[in-house]
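Presented below is the structure to which this report refers.
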Amino acid sequence: MIGGERDGTAQTLENLLRRFRKYQFWGGLMFRIRILLLIMVLCISVSANAATKAIKFGKLWDGHKVINNAVVVVENDKIVSVTPNGRVPAGAEVIDLSRFTGIPGMIDAHTHVTYYWDGKPGTTPRTRPEKPHHVAVTVVLSQENGMKALQAGVTTLRDLNANGGADYALRDLINMGKLVGPRLFVSGGGLRSYKGQPGVTDPIGEAVKMVNTRLDEGSDWIKVFGSMGGFENVKGDQTVSYEEMKAMVDATHARGHKIAIHSYGPEGARDAIRAGTDTLEHATDMDDATIAEMVREGIWYVPTIDHNQYYVENADDVYHFAPGSKENLQDYIRRNFATATKAFKAGAKLLVGSDAVYNGFGLNMRELTWFVKMGMTNEQALQTATVNQAEMLGMEKSLGSVAPGFFADIVAVEGDPLADINVVVNNVRWVMKGGAVVVDKTKPVSKSN
Ligand SMILES: [Zn+2]
């Protein structure tokens with residue numbers, strides 16, 4: 001029994017070993033096959049991801065100069081080469097846009113992408129719904145504004161004021177590739193003065209706390225409403241003191257971020273410049289000393305002239321502004337344009353900011369027509385929407401130019417924007433963002449009879 005048991009045990013062991021070897025053989029084979037399959041799948045997906053695109057332009061303005069018969073080679077989300085009469089790499093997908101002019105994806109320095117209005121009759125953009133939208137609803141609706149910006153050739157927005165974190169969510173979902181939209185640099189909710197607010201005994205301490213709260217929440221930028229002014233209200237009375245502005249600027253810079261200060265009027269602008277803001281928004285009637293300091297400090301100026309023209313055009317039918325608002329807006333536009341012109345002539349660095357809201361999305365680049373009117377060359381104007389914007393964002397090595405190593409944010413326009421600036425306002429035909437074609441109006445539209 002004992003021997004038999006031993007034999008039995010040996011037999012069982014032998015059986016087990018045999019089975020194990022068999023298993024090892026088949027298992028090993030299966031394992032090898034699986035690895036082989038995995039490698040094949042990886043190869044296929046890598047070559048699919050790395051699908052090289054070669055885009056041909058009759059003319060390309062890369063942000064600095066014109067390249068004739070340019071071939072732009074794109075791999076994944078980046079540009080790998082830009083060459084005149086360039087060779088198309090073997091196996092590359094050719095996108096022939098040779099009848100168009102290529103320009104870098106444009107950047108808008110001042111938008112409100114989460115301000116959504118569906119245009120329902122009997123409502124205005126400012127009609128408060130009975131129950132405010134859940135923030136998730138706002139995020140989904142905001143995509144429409146983002147798409148309109150993309151269709152206008154705008155691939156990046158700096159968005160300055162949103163409620164409930166809708167801008168953070170939209171930015172993150174776009175970056176994750178879950179939603180299609182422009183690249184976003186966002187501020188979360190804009191900050192105001194905390195003087196006289198219930199429970200606030202130290203308004204400067206509160207201002208610093210609010211800056212840190214915004215940055216903790218995920219803001220790229222800090223936005224401050226330094227004065228009154230917005231929509232039909234063109235009063236520029238300063239609301240945030242110099243001391244508060246200075247504290248907010250310092251707190252933002254201490255965390256390695258940048259700050260934008262809104263001021264409709266001259267006093268708020270003066271204090272924003274003195275406090276060392278990175279960008280100044282709106283700012284009409286600035287005095288010469290303030291303009292000189294802005295130039296000296298290299299502070300970016302976003303005059304947003306066209307947004308009040310948009311309000312004038314929509315005052316009656318869309319917004320139903322109070323009587324007299326249009327005249328006030330027109331007067332503000334005149335002064336805004338005069339101030340911006342003076343600043344430009346003094347050497348200030350201007351940027352396109354549409355201040356787009358609601359049905360204003362898609363008109364983002366109309367500001368360029370004002371810039372040309374004030375004396376910029378078309379190329380200078382285009383740079384206020386591309387390379388200079390990238391510098392303001394601190395992204396001058398990856399955005400704003402069609403150049404190797406940059407994100408493949410590229411726009412095709414019909415016509416020559418260096419001869420007629422309206423070409424970038426009205427004739428955008430094709431848009432690539434991060435290597436993906438997001439707008440294509442190059443195909444002939446079939447008309448129904
Ligand atoms: Zn604004």
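Order of listing sets the numbers, starting from 1, for every ligand and every atom in it.
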Using the ring of each side chain (for Trp, its six-membered ring), is His282 parallel, tilted or perpendicular to His110, with breaks at 30° and 60°? tilted

For Phe225, is the NZ or CZ atom of Arg192 found under 6.0 angstrom from the centre of its six-membered ring and inside 45 degrees of the ring axis? yes

Which atom pairs, one a donor and one an acceptor, fall under 3.5 Å between side chains of residues 168-179 and the rest of the protein, sequence neighbours left out?
| residue | atom | partner | partner atom | Å |
| --- | --- | --- | --- | --- |
| Tyr168 | OH | Glu217 | OE1 | 3.4 |
| Tyr168 | OH | Ser219 | OG | 2.8 |
| Arg171 | NH1 | Gly218 | O | 2.7 |
| Arg171 | NH1 | Asp220 | OD1 | 3.2 |
| Arg171 | NH1 | Asp220 | OD2 | 3.0 |
| Arg171 | NH2 | Gly218 | O | 3.2 |

Go through the steps to decide whether Glu396 and Leu399 satisfy the test side chain to side chain contact (heavy atoms under 4.5 Å, CB included), and finish with yes or no. CA-CA 6 Å; Glu396 64 275 16; Leu399 294 177; over 6 Å; no

At a cut-off of 2.8 Å, what protein N/O/S atoms sit near the Zn ion (ligand 1)? His110 NE2, His112 NE2, Asp355 OD1

Counting N and O atoms only, with roles assigned by atom type, does the side chain of Glu243 sit under 3.5 Å from a partner on the main chain of Ile204, one being a donor and the other an acceptor? no

Strictly by modelled atom types, are His112 and Asn145 linked by a side-chain donor-acceptor pair under 3.5 Å? no

